[in-house]
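Scope of the values below: all heavy atoms of this structure, side chains included, with no hydrogens, waters or symmetry mates. On a predicted model such as this, the values are computed, not experimentally measured, just so you know. First the proteins, then the strands, lettered A, B, ... as listed; each starts at 1.
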Amino acid sequence: MFHYTIKRLLGIIPTLFIVSIFIFMFVHMIPGDPARLVAGPDASYKDVELVRQELGLDQPKVKQYFVYLGKILQGDLGTSMKTKRPVFDEIADRFMPTFWLTIWSMVWAIVFGLLIGVISATKRNKWQDYTGMFGAVSGISLPSFWLGLMLIQLFSVKLGWFPTGGIESWKSYILPSVTLGAGVAAVIARFTRSSLMDILREDYIRTGRAKGLKENVVVWNHALKNAMIPVITMTGLQFGFLLGGSIVVETVFSWPGLGRLLIDSVSFRDYPVIQAEMLLFALEFILINLIVDVLYGMMNPQIRYK
Amino acid sequence: MSNRLLEISNLKTYFFVDNQQIPAVNGVDLFINEGETLGIVGESGCGKSVTSLSIMGLLGHTPGKVVDGSIRFKDSDLLTLPEDKMRKIRGNEIAMIFQEPMTSLNPVYKIGQQIGEAVRLHLKYDKKKTREHVINMLKLVGIPRAEEIIDEFPHQLSGGMRQRVMIAMAMSCNPTLLIADEPTTALDVTIQAQILEIMKKVKQEKGTAMMLITHDLGVVAEMCDRIVVMYAGKVVEEADVFELFENPKHPYTKGLLNSVPKLGLKSERLTSIPGNVPTPANMPKGCKFAPRCIEVMEICKTEDPELSQISNGHQCRCFLYEDEFVKEAK
């Protein structure tokens, strides 16, 4: 397992290299002139050209890419065109709010998703199942901006329990993380339910019962560990998506996270920031995939990596 | 007469599917004495496995339900026993081996964990003692390298090895009754013989009574003291193993015995019982076997015969022997 992990970690380097090419290409295909945006709408043609030279945008694209790559390798992500601050600092400031929001959301999602999934599977076609699955379908279907606004309306405006947005205290995390987590919880619940229902029909479950085990032990130890294998993959993917920052939820809750940074930098054509953010998302996904694969091996002894 | 360990009377287990009730077991009477091996023989779908699941109380997760009868085990009626008491019997007093060794072990737990679980639950052994006990059990069922196998996962073992593990698991809490539901059906012939040998040995060593469910008459002849033949959810014949093989009475039993290929007999094709087991939705009115019976009479088509005694320990459900039935003066 250790060697496998090292091998996979080394494999990240070429992947990121290829990803960086694609990111560079896509970003430069966005229509709009960043030099004009930096110089301002009133600047003369000459001033705009000067800015263009200063930013290196007059160079051939291939050269621009290698300059960009060279800087990344030295740990220099460039300077934001908008704020003139190092991109690294820009992202670092925004990363932690998004990271903690993701963690909170995933905690809700996993706890409630698993619970609802297990109850639905074991009480199949009873009222518990119908209630759980009604909740899950709602969780998937409700648009997060609407859910977010409704929660703000009820808990912030009417009841005044939680702030409407921004980060003030731990209370600030509750509403946005519930909004983000609801959809994920719903997906986890449905996956857990169907996976667990399949597993509960397996012969080894009957063996467990024939041993005289309590039904709870059969479900939570014997069945759930097997049922978790597909659920883990899906949860990992969702985790990756959330880490990228949710543009909608961060906007609704005025959250100073990566999602809002992305939307701001795209509208400003802030190339260095967009590129760095996308590279970060790619890295996050690769790492999460690795973690999922390692967890897989721990859950399923039939997949032991060499 | 030796002591009754298990006595089933008038057991009826129905399956409820799509608003239909399907009588899988329809009034079964049988008993097992302490230390005895009872064979239950019959074609697929005759209610053998459902009978065993009814004894174990494992129907709760199927559409099946016991609707009538009683199952006495030692001093208690298993059908009315509360679930927590029943759990203390399952895996402890009555253990079970299933047909499918490949899928009957949990793929994510080690062999030792799976056997040890029952040991710790019922015998309340500590970790160290459990491990020793599990290794001894694995050795008892003839598993080589028991000290290593205990830490391996099921997928690392062959089918025969897994069935040995299942036997070790079933025997680990010294049950008084072992139910083996087609324990060798899924295995190669050579492995079958080994598994039967092991079951025989373990049984002799521990003095366990056994209920062996099979459709293989060879297995029955090898292993059993007494045989119950089932057809369409009912017992049609019951006798001592020698008596049944030498002097079969019921036309179905005769058919079964005739359909076993015999060495040295030059016959162009195998004898078989014509027709199929009737589907529960399509049960004939009189004797359930009448449509397939070569000795069928008029009465068989309208009336269902009773299970009656022919001679000491030999019972048969057939009108052919009306005159021979021992009239029990009660």
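By the 30° and 60° cut-offs, the orientation of the rings of F99(A) relative to F95(A) is parallel. A parallel orientation is assigned to the rings of F153(B) and H155(B), their planes being inclined by less than 30° (bins at 30° and 60°).
Contacts between M86(B) and chain A at a heavy-atom distance below 4.5 Å are absent for every atom of the residue. Both the backbone and the side chain of A118(B) have a heavy atom closer than 4.5 Å to some heavy atom of chain A. Neither the backbone nor the side chain of L200(A) comes within less than 4.5 Å of any heavy atom in chain B.
Closest heavy-atom contact between T98(A) and W255(A): N-NE1, 4.0 Å. The nearest pair of heavy atoms linking L11(B) to V25(B) is O-CG1, 3.3 Å. Closest heavy-atom contact between S177(A) and W104(A): CB-CB, 3.6 Å.
With no hydrogens or angles considered, no side-chain donor-acceptor pair links T13(B) and K65(B) at under 3.5 Å.
Residues satisfying the salt bridge (charged side-chain N to carboxylate O under 4.0 Å, His left out) test with R209(A), not counting sequence neighbours, are E215(A). Residues that satisfy the salt bridge (charged side-chain N to carboxylate O under 4.0 Å, His left out) test with E100(B), not counting sequence neighbours, are absent from this structure.
Two residues are said to be in side-chain contact when any heavy atoms from C-beta on lie closer than 4.5 Å; M56(B) and R90(B) meet this criterion.
Scanning residues 176-184 of chain B against chain A with a 4.5 Å non-hydrogen threshold yields no residues. The stretch residues 101-114 of chain B places T103(B), S104(B), L105(B), N106(B), P107(B), V108(B), Y109(B), Q114(B) near chain A, each with some heavy atom under 4.5 Å from a heavy atom of that chain.
The pair D198(A)-R193(A) fails the salt-bridge criterion, with no side-chain N (NZ, NE, NH1 or NH2) lying under 4.0 Å from an Asp/Glu carboxylate O.
Separating the OG atom in S195(A) from the CD1 atom in I188(A) is a distance of 12.5 Å, to the nearest 0.5 Å.
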